[in-house]
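Below: the structure, in structure tokens.
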Amino acid sequence: MINKIVQSMADAMAGIKDGSTVLIGGFGAVGQPNALIDGLIEQGAKDLTIACNNAGVGRVGLARLMDLGRVRKIICSFPRSSDPVVFETLYRAGKIELEIVPQGTLAERMRAAGAGVPVFFTATGVGTKMAVGKEHREIDGRTYIAEQSLPGDVALVEAWEADRWGNLTYKQAGRNFNPVMAMASKLTIVQSQHIRELGQIDPDHVVTPGIFVDRVVHVPYGDPSGF
Amino acid sequence: MSETVAFKPFSRPQMAARVAQDIPEGWYVNLGIGIPTAVADHVPLEREVIFHSENGVLGMGPAPEKDKIQPWLINAGKQYVTMRDGGSFCHHADSFSMIRGGHLDLCVLGAFQVAENGDIANWATSENDTAPAVGGAMDLAAGAKRLWVMMEHTAKDGSPKLVQRCTYPLTAVGAVKRVYTNLAVVDVTERGFVVLDIVPGLSFEDLQARTDAKLHRAS
């Protein structure tokens, strides 16, 4: 019997190695897997490369992981937030590397990784500093730049519902980066608000099919708050 | 400045209303964070314009009343919004496919500078910005069918924002089609900037004096 549901956060986090690339879902607080981030802090892996949209708020969650000196590099589109104090302090001190990526390119790089596409061409960033050093190609009269896929060793994902095969649904804008990160990683770890029996999630409603998911932990925390 | 005639710059709501007036029913529209967000308030609900937000929301409605907030329903500016009947959610890569695949009829962004060749600079004010945040601006500027800009005509220090060439780091090249400022509405054409509309009381020459690039009269 396949059962991807794990009973403890320690089981969910088992085996994450130092030096891993970790993709973290969420847009603001919505769809952000806070319990898994805390689990990663507890688990201890260091020298991490983190890909997510933002670079942490306040001193909790991702900001705390950075504050503990566990993040070598952050790949994101929008390092500013309402309170980016930890990231900015580390960045100014040269203690964290930053790779800024246009938000759509960030999402597409992960989708490409999930789809087995190592490189793709896009018009986003042409003529800007994002294009410096990248391969340019003219296709049907328009210039594009090459972008590499962004595979993760680990994805931390928040879902609304999950079953023991790892099928997932999401709630409203909580979907955001989560499905593409689930596709893009070797080890996809999910925190889900609800655990359903197999067959209870209508196959028509599954957003992330279980093939993309490795572990699920039940975290019924309620509604997101604070951005 | 030598003009003697008093004029009153367009207010933010007037600018938003002016942009809204030019958006026809049926368009799919992304409104950037900041000044452009207010445009939605000036499109009447019976004119069916479909608003998109980068975080996977299509068919966004107005802000909710305080007691009707849905904590999982936010826009790209991380403000609470509502969903209209007919709205849908998608993930980030699909949401940006709507942008990058040329499916949006219009994107309205704020900007630091717009050049007469349609270049836009709206994400960083220096090459060595400590931690510049680009978000979805480059995708929107390069991907939407039309890019309009809403901004003040001049910067806080009085320097022109409609320029011959952008001096700030670019967001996209040759992308802007129209600019709505607090003083004028200006199209970006092969001739350069063509003035469609000026705030009452301000002459063409006075507008030119506040603009770095050459302005052309609509013919």
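Here is the naming used below: chain letters follow the sequence lines, and residue numbers restart at 1 for every chain. Source: prediction; values computed, not measured.
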Query raised in the report: Which bit of T171(B) is near chain A, if near means a heavy-atom gap under 4.5 Å: side chain, backbone, both or neither?
Result: backbone
Report summary line: M138(B) and P102(A) have their tightest heavy-atom pair at SD-CG, 3.9 Å
Query raised in the report: Checking N54(A) against chain B: side chain, backbone, both or neither under 4.5 Å from a heavy atom?
Result: side chain
Requested in this report: For P169(B) and K129(A), work out which heavy atoms get closest and say how close.
Outcome: CB-CD, 4.3 Å
Requested in this report: Identify which part of D119(B) has an atom lying under 4.5 Å from any heavy atom of chain A, answering side chain, backbone, both or neither.
Outcome: neither
Query raised in the report: Does atom NZ of K95(A) have more than 12 heavy-atom neighbours, drawn from other residues, nucleotides or ligands, at distances under 6.0 Å?
Result: no
Report summary line: Cut-off 4.5 Å, heavy atoms of chain A, and the answer for I99(B) is neither
Query - Contacting moiety of F96(B), where chain A heavy atoms sit under 4.5 Å - result: side chain
Query raised in the report: Between D139(B) and G104(A), is there a donor-acceptor pair closer than 3.5 Å when you use the side chain of the first and the backbone of the second?
Result: yes
Query raised in the report: Can you tell me if N176(A) uses its side chain to pair, donor with acceptor, with the backbone of G56(B) under 3.5 Å?
Result: no
Query raised in the report: Is the H92(B) ring parallel, tilted or perpendicular to the F177(A) ring (thresholds 30°, 60°)?
Result: parallel
Query raised in the report: Could you state the interatomic distance from CG (N75(B)) to CZ (F27(A)), rounded to the nearest 0.5 Å?
Result: 8.0 Å
Query - V207(A) versus chain B, the contacting section by heavy-atom distance below 4.5 Å - result: neither
Requested in this report: Flag yes if more than 12 heavy atoms outside F120(A) fall under 6.0 Å of its CZ atom; otherwise flag no.
Outcome: yes
Query raised in the report: Is the count of non-hydrogen atoms from other residues, nucleotides or ligands lying under 6.0 Å from D67(B) atom CG greater than 12?
Result: yes
Query raised in the report: Between H91(B) and Y170(A), does the ring centroid distance fall short of 6.0 Å?
Result: no
Requested in this report: Write down the atom of W72(B), the atom of D223(A), and the distance for their closest heavy-atom approach.
Outcome: NE1-OD1, 2.9 Å
Report task. Test side chain to side chain donor-acceptor pair (under 3.5 Å) on Q70(B) and Q172(A) and set out the steps. Result -> CA-CA 9 Å; Q70(B) 300 179 72; Q172(A) 298 182 333; 2.9 Å; yes
